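Values reported hereafter were calculated over all heavy atoms of this structure, with side chains retained and with hydrogens, waters and symmetry mates removed. Bear in mind the structure is a predicted one, so any value in this text is a computation, not a measurement.
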Amino acid sequence: MTASSSSRVVQAVCPHDCPDTCALHVTVTDGRVVRVAGDPEHPTTHGALCTKVSRYAERTYHAERVLQPLKRVGRKGEGRFEPVSWDAALDDIAARLKAIAARDPQAILPYSYAGTMGLVQGEGMAARFWHRLGASFLDRTICSNAGGEALVATYGAKVGMHVEHYAESRLILIWGSNPITSSVHFWNYAQQAKRAGAKLVCIDPRRSETAEKCHQHIALLPGTDGALALALMHELIVHDHRDHGLDHDYIERHVEGFEKLRERALAWPPERAAAVCGIDAAVIAELAREYGSTRPAAIRLNYGMQRVRGGGNAVRLIALLPCLVGAWRHRAGGLLLSTSGWFRGARRDAWLQRPDLLEAVYGPAADGKKAEKGEKAKGPRTINMSTIGDDLLRESSPEFGPRVEALVVYNSNPVAVAPDSAKVARGFAREDLFTVVLEHFLTDTADHADYVLPATTQLEHWDAHTAYGHVYAMLNRPAIAPLGQARSNAEIFRQLARRMGFTEPCFSDSDETMALAAFDPTRVKPGELERKGWSRLAIGEAPFANGDFPTPSGKAVVDAPGVGVPDYLPNYESVLSSPALAGRYPLAMISPPARHFLNSSFVNVPSLRAAEGEPVLEMHEGDAAARGIADGELVRIFNDRGSTLARAVVGGVTGRARPGVVHGLGVWWRKFGRDGTNVNQLTHQRLTDIGRAPAFYDCLVQVERAAAAGAASEGGTSAAAAE
């Protein structure tokens, strides 16, 4: 740094879909970000970041970043555009949306998810715009809805124990989670517990990086977690005694409907569950003994295991386990799947999103609530983001409503991440579909847009954040001015609202105003939030030691309205449920995230993509040998929905795959795939039992050598060829 250089540190927040929601210190020198680091004072971040976010400046200053509005000049999917002015782009977009809305605003669909988790740049100003326009609702289900709604059915809200208290646990079940890659700060606390003598057990079909570091790995078959949970309950009930088993006092006081659960669990001895799960009955019996006798025992549940047909039921069963043994009595006991429900009431959602604006289109009965099954809608229809492949290809009908004529995508890359992606790509390729994408890069989805609008990154705008892995409200300040002609999501929707003739004062609220007013000042200390960048909610250390679950009865619920008593449900695609299909496609495929990516974010960051190398398929040695496949060979993975190519990783020191299961690590952009596809070419659009969510890990495939195909496509393929 020269004598004339100026340097400052700005408080910011990681915006990505991760439970850790890290507090950042962004160092800016002469107007340029030179370092992104964790805030050492923030209690859960404590100065540490994952590899991905520590390279956030590399993403912001990426040479291929979109920094001016673009208008399509080629065919959809080719990714050929020409620069256009903001005024020209926004005027044309507004005119097109106005014309469609005049016929039926439900023919317009927003599509967004967690590219940013911010309350302002996510569903803040955008929600105001869509409510005032009367566009179709989007049911945002693609990641966590099965587990989230299951937790609400059981506990009353998405709530759980404090992550920092895992350091004091004596037994930790890490269930359906790979925190070394997806929640590094929880892993730090788990390591503290391990050094203090705690036992760590990983329950996961894949021998992940986390499983390697645990004392025990239980490699069950995908989608069988509910059967395992029932068998654990069976053992706790059958072998119940004072020092090993049920906490009868806690159950009587704080669990509603235990007798119905007891009856169900008694039908699941370890031998039955072992046959379903593909593990030894003795392993189940021993785990139940340890869980029933160790205090405090904690479960870190994550969303991987709920991406199957019975995912919601499985989460409900697992969530009841700590209630049966009274683990909630201890602050280092219980379960954590999500803490987002603790922020309910702390966020000013109605002010941020203004669902009352629907009344301008649908009358005073409209309230922004999605209609329950059998009820008459009080506003626009709802389209599930997980079935977008089918829905973009539907014609108008009385049941579906108008054909989707316009699509505005922000904070998501559905052509890469949505299931059954061949259908998704066909839907986006419709020439009569008017598509606008707010983006940083020309993703697979942006390649199909009529307009691509350059959006700011987290380093360039204001925002406010909650978390789903801790209980700190967060404030993000812009560290630098927007690069090029980039504008924040909120500003883009603000300007579109003006051109649409929306005159409500809320469309004049600035990003800063919205960020600083996003929280209820009686729940979040505004002075502390502005000074530190974070403020802790007042949540008890052991929140359910005395019950007080946020349910109507104050108890954990077994027989929940609308979903009944939880049970094991086999996968849509499995030997049990579809033996003929399994005969043709005998391998179960899961598609966990690659270590250096986060969903489809960071895939185009050169250093991170270089670290991943190329799309791979992990296989067990026996499965590979039966197919004549050697480690490092190019393979074709296929089923009735399509095929994709990947490099086989067979056995080896890690031996990540168990027999009968393969792992297609994702989510690669399709354009970076060898044949212009990714693993979502193989996944289906059928939904989970609870939460209307996708069943990504409920997927049967076959694998074969692809030497000839590999020779033909060794150099990869362009986005144009992919479509």
Side-chain angles (χ1 to χ4, degrees), residues 9-28 32-62 65 113-119 121-122 143 163 177-189 209-210 302 411-413 417 439-441 443 455-470 472-480 483 532-534 592-612 666-667 669:
V9 175
V10 179
Q11 182 71 52
V13 184
C14 174
H16 290 288
D17 188 2
C18 168
D20 293 21
T21 313
C22 293
L24 308 180
H25 277 178
V26 181
T27 303
V28 180
R32 185 179 179 87
V33 174
V34 297
R35 185 170 183 260
V36 178
D39 180 351
E41 296 184 8
H42 183 242
T44 60
T45 304
H46 47 71
L49 293 182
C50 68
T51 302
K52 300 179 282 286
V53 176
S54 64
R55 299 182 186 182
Y56 204 84
E58 183 180 348
R59 188 175 188 276
T60 297
Y61 293 113
H62 195 296
R65 186 166 163 202
Y113 199 63
T116 175
M117 301 286 282
L119 303 181
Q121 309 303 341
C143 177
V163 66
S177 179
N178 184 13
I180 285 180
T181 69
S182 64
S183 184
V184 295
H185 299 90
F186 159 75
W187 182 245
N188 176 61
Y189 292 120
E209 295 87 345
T210 299
N302 212 345
N411 304 333
S412 189
N413 182 13
V417 304
E439 252 299 352
H440 304 138
F441 303 102
T443 63
T456 49
T457 70
Q458 188 77 344
L459 304 183
E460 301 161 287
H461 56 230
W462 283 91
D463 216 333
H465 290 259
T466 59
Y468 63 94
H470 59 70
Y472 290 86
M474 315 279 279
L475 180 67
N476 184 80
R477 297 176 183 272
I480 55 174
L483 300 185
K532 292 183 175 180
W534 38 270
R595 181 167 187 171
H596 295 91
F597 302 157
L598 200 163
N599 301 322
S600 78
S601 296
F602 300 101
V603 176
N604 67 323
V605 175
S607 64
L608 297 173
R609 192 164 80 248
E612 286 300 324
V667 180
W669 292 4

- Residues two or more places apart in sequence or in another chain: which of them pass side chain to side chain donor-acceptor pair (under 3.5 Å) with T466? none
- For the residue pair P43 and Y189, what are the closest heavy atoms and their distance? O-OH, 3.1 Å
- Query: Just by distance, do the side chain of H470 and the backbone of T21 share a donor-acceptor pair under 3.5 Å?
  - Reply: yes
- Are side-chain N/O atoms of N178 and T210 paired as donor and acceptor at under 3.5 Å? yes
- Any luck finding a side-chain donor-acceptor pair between H465 and Q121 under 3.5 Å? no
- Item | Partner residues of H62 under the side chain to side chain donor-acceptor pair (under 3.5 Å) criterion, sequence neighbours left out | none
- Query: Is Y61 reaching over with its side chain to a backbone N or O of V33, donor-acceptor style, under 3.5 angstrom?
  - Reply: yes
- Item | Aromatic ring proximity, centroids under 6.0 angstrom, H16 and Y56 | yes
- Please name the pair of heavy atoms, one in K52 and one in T181, separated by the smallest distance, quoted to 0.1 Å. NZ-O, 3.4 Å
- Task: Check side chain to side chain donor-acceptor pair (under 3.5 Å) between R477 and all other residues, then give those that pass, not counting sequence neighbours.
- Result: none
- Residues in salt bridge (charged side-chain N to carboxylate O under 4.0 Å, His left out) contact with E460, at least two apart in sequence or another chain: R65
- Give the minimum heavy-atom separation between A37 and L49, together with the two atoms involved. C-CD1, 3.5 Å
- Message: Just by distance, no angles: are the side chains of Y113 and D17 close enough, under 3.5 Å, to form a donor-acceptor pair?
- Response: no
- Please determine, by modelled atom types, if R35 and H25 share a side-chain donor-acceptor pair under 3.5 angstrom. no
- Note on the structure: Residues passing the side-chain contact (heavy atoms from CB on, under 4.5 Å) test with A48, sequence neighbours excluded, are H46, H185
- Looking at residues at least two apart in the chain, or sitting in another chain, which of them share a salt bridge (charged side-chain N to carboxylate O under 4.0 Å, His left out) with E209? R206
- Can you name the nearest heavy-atom pair linking V53 to C14, along with the distance? CG2-SG, 3.6 Å
- So, T45 and D39: side-chain donor and acceptor under 3.5 Å apart, yes or no? no
- Give a yes or no answer on whether the side chain of D463 reaches the backbone of L475 with a donor-acceptor pair at less than 3.5 Å. no
- Message: I'd like to know if the side chain of Q11 and the backbone of A23 have a donor-acceptor N/O pair within less than 3.5 Å.
- Response: no
